[in-house]
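Side chains are part of it too, since the values below use all heavy atoms of this structure and drop only hydrogens, waters and symmetry mates.
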Amino acid sequence: MPEPIHELSILLRREIEARLAAPLIEALSAEFGRQRVLEIVQGVIIQIAHQQGAQLAADQGGCSLAHFTSALEAWKKGDAMEMEVLEQSAERFYFNARRCRYAEMYHALGIPELGRVLSCSRDYALVEGFNPAIHLERTQTLLEGAQYCDFRYEVRRDEAP
């Protein structure tokens, strides 16, 4: 039976998290220094994302790239992301995110710098937890002002489980 939190879109979950995390990060930064607090927060977020990736593979009933790409539909729920698929095969899934309401939400909340820590940094750990043989390369994001996010997922057979 799915947990009630999974009935919410990921976008709404990220907004709830950001509205709580931002003031906590600000308060802790005033006490302990912003850089150190952000390092700790990012470490925790990466750990959570890694665990979520492993759980996602279990929920999907497999850890192939096809399983992963089908799970990404949840990222788009609520029109949260517009993806332009460039290549999709058993070995590669390349797409550009042309619109990202996650980035828009962090900008609207006035915390775009936290968006990288709270959302963008999850992407690498999520796929690593899902299947360490699937690698993500991304060189730019909408959050940082690019025209699109370039997601390039690729299976590295020499590392396949």
Student: So how far is it from Arg152 CZ to Arg92 CZ, rounded to the nearest 0.5 Å?
Tutor: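 The distance works out to 11.5 Å.
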Student: Could you tell me if the side chain of Arg19 sits less than 4.5 Å from the side chain of Leu109, heavy atoms only?
Tutor: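 Yes - at least one pair of side-chain heavy atoms lies under 4.5 Å apart.
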Student: Can you tell me how far apart CG (Leu28) and CZ (Arg34) are? Round to the nearest 0.5 Å.
Tutor: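 CZ of Arg34 is found 11.0 Å from CG of Leu28.
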Student: Does this structure show an ion pair linking Arg99 with Glu104, if we count only N-O contacts that are shorter than 4.0 Å?
Tutor: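 So Arg99 pairs with Glu104 through a salt bridge.
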Student: I need the full list of ring-ring contact (aromatic ring centres under 6.0 Å, His included) pairs touching residues 29-65, with sequence neighbours left out, sorted by first then second residue.
Tutor: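 Qualifying pairs: none.
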Student: Could you label the plane-to-plane angle of the Tyr153 and Trp75 rings as parallel, tilted or perpendicular, counting under 30° as parallel and over 60° as perpendicular?
Tutor: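 Tyr153 and Trp75: tilted rings.
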Student: How far apart are the C-alpha atoms of Tyr148 and Thr141, what are their side-chain angles, what is the distance that settles it, and do they pass the side-chain contact (heavy atoms from CB on, under 4.5 Å) test?
Tutor: CA-CA 6 Å; Tyr148 56 88; Thr141 65; over 6 Å; no
Student: Will you find, in the side chains of Glu154 and Tyr94, an N or O donor that is under 3.5 Å from an N or O acceptor?
Tutor: yes
Student: Name each donor-acceptor pair under 3.5 Å that joins a side chain in residues 36-46 to protein atoms two or more places apart or in another chain, with its distance.
Tutor:
unit_1, atom_1, unit_2, atom_2, d
Arg36, NH1, Glu39, OE1, 3.2
Gln42, OE1, Arg116, NH1, 3.4

Student: With side chains defined as the heavy atoms from C-beta onward, is the minimum distance between Gln140 and Gln147 less than 4.5 Å?
Tutor: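 Gln140 does not reach Gln147 side chain to side chain.
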Student: Using 0.5 Å steps for rounding, measure from the OG1 atom of Thr139 to the CG atom of Asp150.
Tutor: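 Those atoms lie 3.5 Å apart.
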Student: Can you measure from NE2 (His67) to CZ (Phe130) and round to the nearest 0.5 angstrom?
Tutor: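 Atom-to-atom, His67:NE2 and Phe130:CZ are 7.0 Å apart.
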Student: So do Val127 and Phe68 actually touch side chain to side chain, heavy atoms under 4.5 Å?
Tutor: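 Yes, at least one pair of side-chain atoms sits under 4.5 Å.
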Student: To the nearest 0.5 Å, what is the distance between CG on Leu136 and CG on Leu126?
Tutor: 10.0 Å
Student: Check Arg122 with Glu128, please: is the shortest side-chain N to carboxylate O separation under 4.0 Å?
Tutor: no
Student: Any donor and acceptor pair, going by atom type alone, linking the side chain of Asn131 with main-chain N or O of Ser64 inside 3.5 Å?
Tutor: no
Student: Can you tell me how far OG of Ser119 sits from CZ of Arg13, rounded to the nearest 0.5 angstrom?
Tutor: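 Answer for the CZ-OG pair, Arg13 versus Ser119, is 11.5 Å.
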Student: Could you tell me if the side chain of Asp123 sits less than 4.5 Å from the side chain of Arg138, heavy atoms only?
Tutor: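 Yes, side chains in contact.
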Student: Under a 4.5 Å cut-off applied to non-hydrogen side-chain atoms, are Leu143 and Tyr106 in contact?
Tutor: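 SC-SC contact between Leu143 and Tyr106 confirmed.
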Student: Examine the side chains of Glu26 and Ser29 and answer whether a donor and an acceptor come within less than 3.5 Å of each other.
Tutor: no
Student: Report yes if some heavy atom in the side chain of Leu11 is under 4.5 Å from a heavy atom in the side chain of Met81; otherwise report no.
Tutor: no
